[in-house]
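What follows is a single structure, written as structure tokens, with notes after it.
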Amino acid sequence: MLETRDLKKRFGRLDVLKGIDIRIKSGITTAILGPNGSGKTTLLKSILGQVRPKSGEIYFKGQPVSGKWEYRKEIGYLPQSSNFPENLKVSELIRLVEDIRGRGDRKNHLMDIFNLNPSLGKRIKNLSGGTRQKVNLLLTFMFDCPLYILDEPASGLDPVAMLGFRELILSLKEQEKTILVTTHIMGLAEEIADEVVFLLEGKVYFTGALRDLLAHAGEYNLERAIAEIMMKQHGKNSEIQLV
């Protein structure tokens, strides 16, 4: 469904993406993992057209997306941090988004999952960080899309909301939706991801099935596998070897 070829991006003198080649298969969940500064968010924003790569190509459903915008209608996007109009009430924000994108068929179901009905009359500026994130999740998932791109979706969620989020993702997986997610919560990635793309210093260190990454690192869970890889790389002075 989604592919990048030799994707490069530089901010000033800093090379953030150093030739990213990935292929995201349709109908599965792929976790993009890596330490802070590895290029995860820049990669997602490049796919969405929010960042213009220095070079390389991005393909959606086999077609290049450069200079196009229509493909974004088929993507539900959850940014790492939201920037909603502070004076709007939650209900007003929902109506505003529906005026732009159409009726959100899953709205009521999602409001129940994340217990948002008591917050509908509150202004955005008065919401806690966790409630803001639940509103963000509502706005992302209330539209039916073949692809969802989620940047740190579990940030700020309380245990009950986290449980609802997990159940929501598993439901979308059963519907064979394609999901691309970044997260620092390794337990979440291990639970929902079918495949993993692991970035280090703007390069692809590993791409493949989750079980293969565990075998590659010689560990039994994802948190230990990632820690093992990073400790090995921190102990090397040579360039990272891609696999």
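Along the sequence shown, residues are numbered consecutively beginning with 1. Heavy atoms only: backbone and side chains are in, while hydrogens, waters and symmetry mates are out. This one's a predicted model, so the numbers in the text were calculated from it and none came from an experiment.
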* **Gap between atom SG of C145 and atom CZ of R101 - 0.5 Å precision** => 4.5 Å
* Within the side chain of T4, is there an N or O that forms a donor-acceptor pair under 3.5 Å with the backbone of I20? -> yes
* Using the rule that two of Ile, Leu, Val, Met, Phe, Trp, Tyr join whenever any of their side-chain heavy atoms come within less than 4.5 Å, decide whether M1 and I32 are in one cluster. => yes
* Kindly work out whether a path of hydrophobic side-chain contacts (I/L/V/M/F/W/Y, heavy atoms less than 4.5 Å apart) joins L210 to L188. => no
* Structure fact -> Value for CD1 (I149) from CD1 (I75), rounded to nearest 0.5 Å, stands at 4.5 Å
* Other residues, nucleotides, ligands: >12 heavy atoms within 6.0 Å of D99 CG -> yes
* Asked: What is the distance from atom CG of L116 to atom CG of L110, rounded to the nearest 0.5 Å?
  -> 8.5 Å
* Structure fact -> dist L14:CG -> T42:OG1 (nearest 0.5 Å) comes out at 9.0 Å
* Taking D6 for its side chain and G19 for its backbone only, find out whether a donor-acceptor pair lies under 3.5 Å. => no
* Asked: So, the side chain of T178 versus the backbone of G27: is there a donor-acceptor pair under 3.5 Å, distance only?
  -> yes
* Structure fact -> Here the gap from L157 atom CG to S155 atom OG, rounded to the nearest 0.5 Å, amounts to 7.5 Å
* Any side-chain heavy atom of M142 sitting closer than 4.5 Å to one from L139? -> yes
* Asked: Is L93 close to I124 at the side-chain level, that is, under 4.5 Å between some pair of heavy atoms?
  -> yes
* Structure fact -> salt bridge (Lys or Arg N to Asp or Glu O under 4.0 Å) pairs touching residues 137-149, sequence neighbours excluded, are R106-D144, D144-K177
* To do: Evaluate the criterion side-chain contact (heavy atoms from CB on, under 4.5 Å) for residue pair E201 and K18; output intermediate values, then yes/no.
  => CA-CA 8 Å; E201 298 178 8; K18 305 175 183 178; 4.3 Å; yes
* Qualifying salt bridge (Lys or Arg N to Asp or Glu O under 4.0 Å) pairs with a residue from residues 23-51, counting only residues at least two apart or across chains -> E3-R23, K25-E195
* Please list, chain by chain and in numerical order, all residues satisfying ring pair (Phe, Tyr, Trp, His ring centres under 6.0 Å) with F84, sequence neighbours excluded. => none
* For the residue pair I58 and L2, establish whether any side-chain heavy-atom pair is separated by less than 4.5 Å. => yes
Quiz: residues 221-231 side-chain donor-acceptor pairs under 3.5 angstrom, not counting sequence neighbours:
residue : atom : partner : partner atom : Å
N221    : OD1  : E223    : N            : 3.3
N221    : OD1  : R224    : N            : 2.8
R224    : NE   : E219    : OE1          : 3.1

* Can you list every pair that meets salt bridge (Lys or Arg N to Asp or Glu O under 4.0 Å) and has a residue in residues 71-90, with sequence neighbours left out? -> K61-E74, E86-R132
* Side chain K68, main chain P64, donor-acceptor under 3.5 Å -> yes
* Asked: Does any N or O in the side chain of S38 come within less than 3.5 Å of the main-chain N or O of G202, such that one atom is a donor and the other an acceptor?
  -> no
* Considering only heavy atoms from C-beta outward, does the side chain of F206 approach that of D212 to under 4.5 Å? -> yes
* Pair listing, side-chain hydrogen bond (donor to acceptor under 3.5 Å, both in side chains) test, anchored in residues 46-55, at least two apart -> none
* **Test log, rule salt bridge (Lys or Arg N to Asp or Glu O under 4.0 Å), inputs K9 and D15** => CA-CA 6 Å; K9 177 61 182 177; D15 288 317; over 6 Å; no
* To do: Identify whether F114 and I94 are in the same connected component of the hydrophobic contact network (ILVMFWY, side-chain heavy atoms under 4.5 Å).
  => yes
* Asked: If two hydrophobic side chains count as joined below 4.5 Å and joins carry through other members, does V135 share a cluster with I169?
  -> yes
* Pairwise distance CG(N117) to CG(N115) - rounded to 0.5 angstrom -> 7.5 Å
* To do: Provide the full list of ring-ring contact (aromatic ring centres under 6.0 Å, His included) pairs with a residue in residues 119-175, sequence neighbours left out, each pair given once.
  => F141-Y148
* Asked: Taking side chain as C-beta onward, heavy atoms only, is T182 less than 4.5 Å from L33?
  -> no
* Who pairs with A215 by side chain to side chain contact (heavy atoms under 4.5 Å, CB included), at least two apart in sequence or on another chain? -> none
* **Side chains of F198 and T207 in contact at under 4.5 Å (non-hydrogen atoms)** => no
* Begin with the C-alpha distance, continue with both residues' side-chain angles, and end with the deciding distance and a verdict on side-chain contact (heavy atoms from CB on, under 4.5 Å) for L43 and I22. => CA-CA 10 Å; L43 174 59; I22 61 171; 4.0 Å; yes
* Asked: Hey, is CD on E176 packed in by over 12 heavy atoms from elsewhere, all under 6.0 Å?
  -> no
* Can you establish whether the number of heavy atoms outside K173 located under 6.0 Å from its atom NZ is more than 12? => yes
* Verdict with reasoning, L44 to L180, per side-chain contact (heavy atoms from CB on, under 4.5 Å) -> CA-CA 9 Å; L44 297 188; L180 191 58; 3.8 Å; yes
* Are L127 and V97 connected in the hydrophobic side-chain network, where two residues link if heavy atoms are under 4.5 Å apart? -> yes
* Which residues pass the side chain to side chain contact (heavy atoms under 4.5 Å, CB included) test with D158, sequence neighbours left out? -> K134, V160, A161
* To do: Please report the C-alpha distance between D105 and K107 in whole Å, then the side-chain angles of each, then the deciding distance to 0.1 Å, and finally whether the salt bridge (Lys or Arg N to Asp or Glu O under 4.0 Å) criterion is met.
  => CA-CA 6 Å; D105 293 333; K107 177 177 61 179; over 6 Å; no
* Can you check whether L199 reaches V197 side chain to side chain, under 4.5 Å on heavy atoms? -> yes
* Return the minimal non-hydrogen interatomic distance between Y71 and I47, and the atom names on each side. => OH-O, 2.8 Å
* Asked: Does the side chain of L17 reach to within under 4.5 Å of the side chain of P53, using non-hydrogen atoms?
  -> no
* To do: Could you check D151 against L78 for side-chain contact (heavy atoms from CB on, under 4.5 Å), going step by step and ending with a plain yes or no?
  => CA-CA 6 Å; D151 197 358; L78 185 141; 5.5 Å; no
* **R10, CZ atom: more than 12 neighbouring heavy atoms under 6.0 Å** => yes
* Not counting sequence neighbours, which residues clear side chain to side chain donor-acceptor pair (under 3.5 Å) with H184? List them please. => N36, E152
* **Pair listing, salt bridge (Lys or Arg N to Asp or Glu O under 4.0 Å) test, anchored in residues 76-85, at least two apart** => none
* Asked: E57: what forms a side chain to side chain donor-acceptor pair (under 3.5 Å) with it, not counting sequence neighbours?
  -> none
